[in-house]
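Excluded from the calculations below are hydrogen atoms, water molecules and symmetry mates; all remaining heavy atoms, backbone and side chain alike, are included. Keep in mind that what you see is a predicted model, and the values were worked out from it rather than measured.
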Amino acid sequence: MNKNWIIKAAGDDEKIKSLAGELGIEWPLAQLLIQRNITTYQEAREFFRPDLKNLHDPFLMKNMDVAVQRIEEAIQNGEKVMIYGDYDVDGTTAVALVYSYFKDYFREIDYYIPDRYNEGYGVSLRGIDYAAHHGFSLIIALDCGIKAVEKIDYAREKGVEFIICDHHNPGNRIPDAAAVLDPKQEGCNYPFKELSGCGVGLKLVQAFGRKAGLDDSRVYDYLDLVVVSIASDIVPITGENRIMAHYGLKKLNESPSIGLKAIIDVAGIDKKNITVEDIVFKIGPRINAAGRMESGKKSVDLLVCDKGDDAHIISKKINVYNLDRRNIDTEITRQAIDMIQGDTAHRDMSSTVLYNPEWHKGVIGIVASRLLDHYYKPTVILTKSNGLATGSARSVNGFDLYQAIESCSDLLENFGGHKYAAGLTMKVQNLPRFRQRFEQIVRDTIHPEQLIPVVEIDTELKLSDISEKFFRILKQFEPFGPENNIPVFLTENVVDNGYGRTVGTSGEHLKLTLIQEENPFMVFPAIGFHQGNHFSKICKGDPFDICYQLMENEFRGKVTLQINLIDIKFD
């Protein structure tokens, strides 16, 4: 698939020159900092040396004092308290954190995760009824609740109060809860707006501890849970999130909680250097798998576990869920591709809308993402649940998926999401009209270039620019994530030195040794996954341009610097 290469704006030359001089670093590194809005020595110092002392006072968050007071009252009155959260990674880590912290303060405390299939996302009526029936008078809701206006009113009628800890955008009306914590709500002066749900939970227990005269050390013991939530929920790794992610990774590598250690073991992750990438691709999917395949409560059971043997048993079960999930989403993806390839009209459409009542609801979001990677069109994947067609949608770069779905709202029972990802439900009989209208909206509003994948390039390098010092400083940009992505570089006119080859079971990957004419003695090993189709030109000695990331490759105990090819272009 062809890709458009877009080079980001470099920034002001004078600022780059000044910062490079102040820090004693090369121009391209200073440019990367300027692109990240780091323009002064002090800002660079805070970026490269994250410090827990720079976390904000939790009481700057609107209603935090009210929330802490309500919790103190519940402790004094001996109330039963429920910790409630969503079934995804952010929700379950948040519940595990807040439950683990408060379990020593309440005589009766429990946690509740709604069922993905019978209750759906967020605060549920069934969860409220369960709390009322079992005598819970206070629910602390995490990673959800900011739009649950009617449900919070219903809970009050049942004698159940809520403290809401959310990080999503609020609606027109704030729920009538005992306290609402959300840095994005109107009138909240909390300086950092991009906390994860688990991050808001951490601020709550931090505030409680400070009010009680305790230092923050116990709170920081939970940063391994917070970094898992930050990485998995794809929130910006800037500001407070960068600080918490830095120290969370440190704890994850040195002394993870018993539950997370069990996941690390069962996933076979290198315990010396766990990265954000390991969380995104190995730890997070396993925590998510429980909610997709059975119940998110299993993940919380593991994350709050304080016995190694019990954690080992639960983690093995969760690993099986993940294997089952992977097999199911692979098979459904294959079926979906077959549906498209078997229908010539489908191939010519500007969107993909597929429905199969037998598909597993827990994996259709993953399938939508896989099809987006495969065909690069706005994609909606639907299955049947509770008599309705329900599904997930994903979008291409720059196209507002939410707006397109909103234009079909008269055909929908409900929908929600944002520009690039959404969920929706409709009557099955409305599906043909939805497919037709959604396609028309996409065809009329999408720009042709939006149907071509984009590679965003940070800056251009010569191979001779890459030194051990350069890479050592580049590593200090970690942890990488949204708004601080792994830098992508462009180098023009490289050739293979003649030792390149294809690798993989069917030669689908490239393994090259690259040089530039101006410095033929400087060679760089490179790997290009799924780039094997370029080899016929490369082996002829044709020069080409590459965009890539720099990475370390460890083989037989030896660590070398390697180019990870993202794309290749010939003249």
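Here the CG-CG distance, from Leu401 to Leu424, works out to 8.5 Å after rounding to the nearest 0.5 Å. Considering NE2 of His167 and CD of Gln185, their distance stands at 14.0 Å, rounded to 0.5 Å. With values rounded to the nearest 0.5 angstrom, Ile279 atom CD1 is found 5.0 Å from Leu249 atom CG. From Asn485, atom CG reaches atom CG of Leu32 across 11.5 Å, with rounding to the nearest 0.5 Å.
The pair Glu79-Arg70 meets the salt-bridge criterion, with a side-chain N (NZ, NE, NH1 or NH2) lying under 4.0 Å from an Asp/Glu carboxylate O. Ion pair Lys184/Glu194 flagged as a salt bridge, since at least one NZ, NE, NH1 or NH2 atom sits closer than 4.0 Å to an Asp/Glu carboxylate oxygen. Salt-bridge annotation for Lys297 and Asp110: absent, with no side-chain N of the basic residue lying under 4.0 Å from a carboxylate O of the acidic one. A salt bridge links Glu552 and Lys475; the closest N-O separation between the charged side-chain nitrogens and carboxylate oxygens is under 4.0 Å. Classification of Asp153 and Arg173 as a salt-bridged pair holds, one side-chain N sitting under 4.0 Å from a carboxylate O. Remark: Lys211 engages Glu72 in a salt bridge, criterion side-chain N to carboxylate O under 4.0 Å.
For the ring pair (Phe, Tyr, Trp, His ring centres under 6.0 Å) test, residues two or more places apart in sequence or in another chain that qualify with His134 are Tyr130. Shown here are the salt bridge (Lys or Arg N to Asp or Glu O under 4.0 Å) partners of Glu483, two or more places apart in sequence or in another chain: there are none.
Within the 3.5 Å criterion, the main-chain N or O of Pro479 finds a donor-acceptor partner in the side chain of Asn484.
Separation of the Phe415 and Tyr402 ring centroids falls under the 6.0 Å cut-off.
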Practice prompt. Mind running side-chain hydrogen bond (donor to acceptor under 3.5 Å, both in side chains) on Tyr190 and Lys203 for me, showing each step along the way?
Written response: CA-CA 11 Å; Tyr190 194 76; Lys203 303 309 292 189; 3.1 Å; yes

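Ring geometry for Tyr112 against Tyr84 counts as parallel: the plane angle stays under 30°, on a 0 to 90° scale with 60° as the upper cut. Using a 30° and 60° split on the angle between ring planes, Phe477 and Phe480 fall in the parallel class, below 30°.
Other residues, nucleotides and ligands contribute at most 12 non-hydrogen atoms within 6.0 Å of the CZ atom of Phe529.
Across all their heavy atoms, Pro183 and Cys188 have their closest contact at CA-SG, 3.7 Å.
Screening residues 125-152 for salt bridge (charged side-chain N to carboxylate O under 4.0 Å, His left out), with sequence neighbours left out, gives Asp129-Lys158.
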